[in-house]
Amino acid sequence: MVTREFGSSGLRVSALALGCWPIAGVGWTGVNEQDSLATIRQALDVGINFVDTAYMYGLGGESEILVGKAIAGRRAEVVLATKCGVHWDGGKAVRDSSSARIQEECEASLRRLNVDAIDLYQVHAPDPGTSFQETAQALERLLRQGKIRAIGVSNFDVAQMQEFSRHAPLHSLQPAYSMIRREIERDILPYCEEHRIGVCVYCPLERGLLTDGIRPGESYPAEDSRRQNSNFLGDSFARTRQMVMRLQSIARENGMTLAQLVLNWTVHQPGVTVAIVGATRPHQVLENAHALGRSLTADQMERIRKIVESR
Ligand SMILES: NC(=O)c1ccc[n+]([C@@H]2O[C@H](COP(=O)([O-])OP(=O)(O)OC[C@H]3O[C@@H](n4cnc5c(N)ncnc54)[C@H](OP(=O)(O)O)[C@@H]3O)[C@@H](O)[C@H]2O)c1
């Protein structure tokens, strides 16, 4: 597995991380504890050392609990990332990055994960009700207490990162990025590169849409959130399907699956350090882990760029 320096954090991480949102089973269907634990352990077995979870993955921190169980006895093999600042309240996601809340959430995450320290602690999303100064100082206090080893934010824009980093070191950003969501290329990726902020992008496979298993929203069960997701419906889905069919022929030329081509492309985009990929079953992790085993030629990268830009 390819590994990389993660910005200025001092952490060395695999270029693919395992995303542990799907295993929480909220808005996702077909998950069970046995497969979820096997999926996390499979990731470690193939050299994926970076595991990303969050308090709000699951209504009661279920994803963190599963991660804690799966990594028991293997702590040294894992760069453990989780998030704070968004919680569930009566089925609604509420943003609260106040100082007291962050301290309390961190201590609860440490208990659920059953570890002494979190390697990367990320603010899940900006909280309009709390100043960035208060949030940043709360994270810096956790750093001084040794409860966390690096500080990250997620879903922040450049101005928000600038304000945050006036009050605490900022080691990483977790933004959305995929072949069909490339907005961060404009100013966020160049800013992070210039300031040595590690970038771990989420949803590179667009929740399974950019894989050989591409399916329309209507085909998912009623309780699966992909049924309502606009990327899986109507014109957007049709355009993605066209793009996918053209990409599949390049993948075949190279003996790759579509997911492997997409992940390979993603981690080779300028400014991207890591692609966080969700999975619910070990065989998906195995397939994805081999994405970086083959190279795409400069000519293939250029053809992919044209296909992606013409979607
Ligand atoms: N910071 C944030 O606000 C935020 C938001 C979203 C996600 N994230 C993080 O980023 C991670 C990745 O995003 P994501 O999990 O939403 O989406 P994703 O990585 O784009 O897609 C994951 C889903 O794609 C399917 N899949 C994976 N490998 C596959 C393969 N080889 N072949 C076919 N299908 C495959 C699986 O769906 P099935 O199992 O259903 O087949 C899997 O659950 C999350 O898990 C989470 O850690 C962060």
Side-chain angles (χ1 to χ4, degrees), residues 16-32 35-36 38-40 42-43 46 48 50-58 62-64 66-67 79-86 93 95 120-127 152-157 172-181 184 199-215 217 219-221 223-227 229 231-232 240 244 248 251 256-267 272 274-292:
L16 294 178
L18 178 69
C20 295
W21 177 26
I23 59 168
V26 174
W28 227 279
T29 47
V31 295
N32 64 64
D35 283 345
S36 297
T39 299
I40 301 165
Q42 178 72 83
V46 292
I48 293 178
F50 194 3
V51 175
D52 179 72
T53 179
Y55 170 39
M56 65 116 45
Y57 296 163
E62 284 84 347
S63 173
E64 288 185 333
L66 285 165
V67 170
V79 175
L80 189 52
T82 190
K83 311 184 195 81
C84 57
V86 185
R95 295 184 187 195
L120 174 66
Y121 203 40
Q122 306 157 102
V123 181
H124 208 142
D127 165 16
V153 294
S154 180
N155 302 303
F156 274 44
D157 64 23
S172 76
L173 171 71
Q174 185 175 140
Y177 183 65
S178 75
M179 285 179 167
I180 64 170
R181 261 200 284 186
I184 63 168
V199 178
C200 48
V201 300
Y202 69 75
C203 284
L205 297 179
E206 286 295 345
R207 307 184 65 195
L209 195 58
L210 303 181
T211 70
D212 291 315
I214 182 168
R215 288 162 61 185
S219 73
Y220 288 94
E223 60 279 22
D224 196 306
S225 58
R226 286 170 286 191
R227 200 178 168 88
N229 183 319
N231 288 331
F232 286 76
T240 303
V244 158
Q248 271 165 333
M256 291 170 139
T257 65
L258 180 66
Q260 290 171 337
L261 176 139
V262 170
L263 295 175
N264 192 309
W265 176 89
T266 305
V267 300
V272 173
V274 171
I276 310 178
V277 199
T280 54
R281 279 170 285 275
H283 74 86
Q284 294 171 332
V285 174
L286 261 187
E287 177 182 334
N288 299 342
H290 288 115
L292 310 185

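Both backbone and side-chain heavy atoms feed into the values below; hydrogens, waters and symmetry mates do not. Every number for a ligand or one of its atoms is a count from 1 in the order of the listing.
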Step by step, would you call V201 with R181 a side chain to side chain contact (heavy atoms under 4.5 Å, CB included)?
CA-CA 11 Å; V201 300; R181 261 200 284 186; over 6 Å; no

Nearest non-hydrogen protein atom to atom 41 (O) of ligand 1, with distance, is Q284 NE2, 3.1 Å

What is the closest protein heavy atom to atom 24 (O) of ligand 1, and at what distance does it sit?
G208 N, 3.2 Å

Numbered in order shown, the ligand 1 atoms found under 4.0 Å of a heavy atom of R281 are 39 (O), 41 (O)

At a 4.0 Å cut-off, with the gap strictly under it, does some heavy atom of H283 reach an atom of ligand 1?
no

Measure across L173 and S154 and return the closest heavy-atom pair with its distance rounded to 0.1 Å.
CD1-CA, 4.4 Å

Residue selection (non-hydrogen contact nearest atom 23 (C) of ligand 1) among H290, M56, R207
R207

In terms of residue, atom name and distance, what is the protein heavy atom nearest to atom 14 (P) of ligand 1?
C203 SG, 3.8 Å

Here the atoms of ligand 1 under 4.0 Å from any heavy atom belonging to C20 are 45 (O), 47 (O)

R226: what forms a salt bridge (Lys or Arg N to Asp or Glu O under 4.0 Å) with it, not counting sequence neighbours?
D224

Restricting to non-hydrogen atoms, name the atom on T53 and the atom on S63 that form the minimum distance, rounded to 0.1 Å.
OG1-OG, 2.7 Å

Give the atoms of ligand 1, by number and element, whose distance to some non-hydrogen atom of P22 is under 4.0 Å.
15 (O), 43 (O), 45 (O)

Using a 4.0 Å cutoff against the non-hydrogen atoms of G19, which atoms of ligand 1 qualify?
11 (C), 44 (C), 45 (O), 47 (O)

Which ligand 1 atoms, with their elements, are less than 4.0 angstrom from a heavy-atom of H124?
1 (N), 2 (C), 3 (O)

P204, G278, A54: member with heavy atom nearest to atom 22 (C) of ligand 1
G278

Return the minimal non-hydrogen interatomic distance between L263 and N288, and the atom names on each side.
CD1-CB, 3.6 Å

Counting only heavy atoms, tell me which of L205, I23, I276 gets closest to atom 11 (C) of ligand 1.
I276

Closest non-hydrogen atom pair, G30 against R281:
O-NH1, 3.2 Å

Contact between L210 and S178 at the side-chain level, heavy atoms closer than 4.5 Å - yes or no?
yes

List in chain and number order the residues that pass ring-ring contact (aromatic ring centres under 6.0 Å, His included) with Y220, two or more places apart in sequence or in another chain; answer none if no residue qualifies.
F232

Where ligand 1 meets E206 - atom numbers and elements under 4.0 angstrom, heavy-atom basis
20 (O)

Atom 8 (N) of ligand 1: nearest protein contact (heavy atom, Å):
Y57 OH, 3.3 Å

Starting from the C-alpha separation in whole Å, work towards a yes-or-no answer on side chain to side chain contact (heavy atoms under 4.5 Å, CB included) for F156 and Q122.
CA-CA 11 Å; F156 274 44; Q122 306 157 102; over 6 Å; no

Starting from the C-alpha separation in whole Å, work towards a yes-or-no answer on side chain to side chain contact (heavy atoms under 4.5 Å, CB included) for L209 and N229.
CA-CA 11 Å; L209 195 58; N229 183 319; over 6 Å; no

Scanning both residues in full, the closest heavy-atom pair of V31 with T280 reads CG1-CG2, 3.4 Å

Where's the contact between N288 and ligand 1, heavy-atom distance under 4.0 Å: side chain, backbone, both or neither?
side chain

Ligand-side contact atoms (ligand 1) for residue partner R226, heavy atom cut-off under 4.0 Å:
37 (O), 38 (P), 40 (O)

Nearest to atom 47 (O) of ligand 1, what protein heavy atom do you find, and at what distance?
D52 OD2, 2.7 Å

Would a 4.5 Å heavy-atom cut-off, applied to side chains only, mark M179 and T240 as touching?
no

Closest heavy-atom pair, A259 versus E287, reported as atoms and distance to 0.1 Å, is CB-OE2, 3.7 Å

Indicate, as side chain, backbone, both or neither, the part of S154 found under 4.0 angstrom from ligand 1 when only non-hydrogen atoms are considered.
side chain

Given Y177, Y202, Y220, W21, identify the one with the heavy atom nearest to atom 4 (C) of ligand 1.
Y202

Considering only the protein, which heavy-atom contact is closest to atom 43 (O) of ligand 1, and what is its distance?
W28 CZ2, 3.3 Å

Counting each atom of ligand 1 from 1 as listed, which ones have a heavy atom of V277 under 4.0 Å away?
19 (O)

Do Q284 and T39 pass the side chain to side chain contact (heavy atoms under 4.5 Å, CB included) test, and can you show the C-alpha distance, the side-chain angles, and the key distance before you say yes or no?
CA-CA 8 Å; Q284 294 171 332; T39 299; 6.0 Å; no

Part of N155 within contact of ligand 1 (heavy atoms, under 4.0 Å):
side chain

How far is atom 39 (O) of ligand 1 from its nearest protein heavy atom, and which residue and atom name does that atom have?
T280 OG1, 2.5 Å

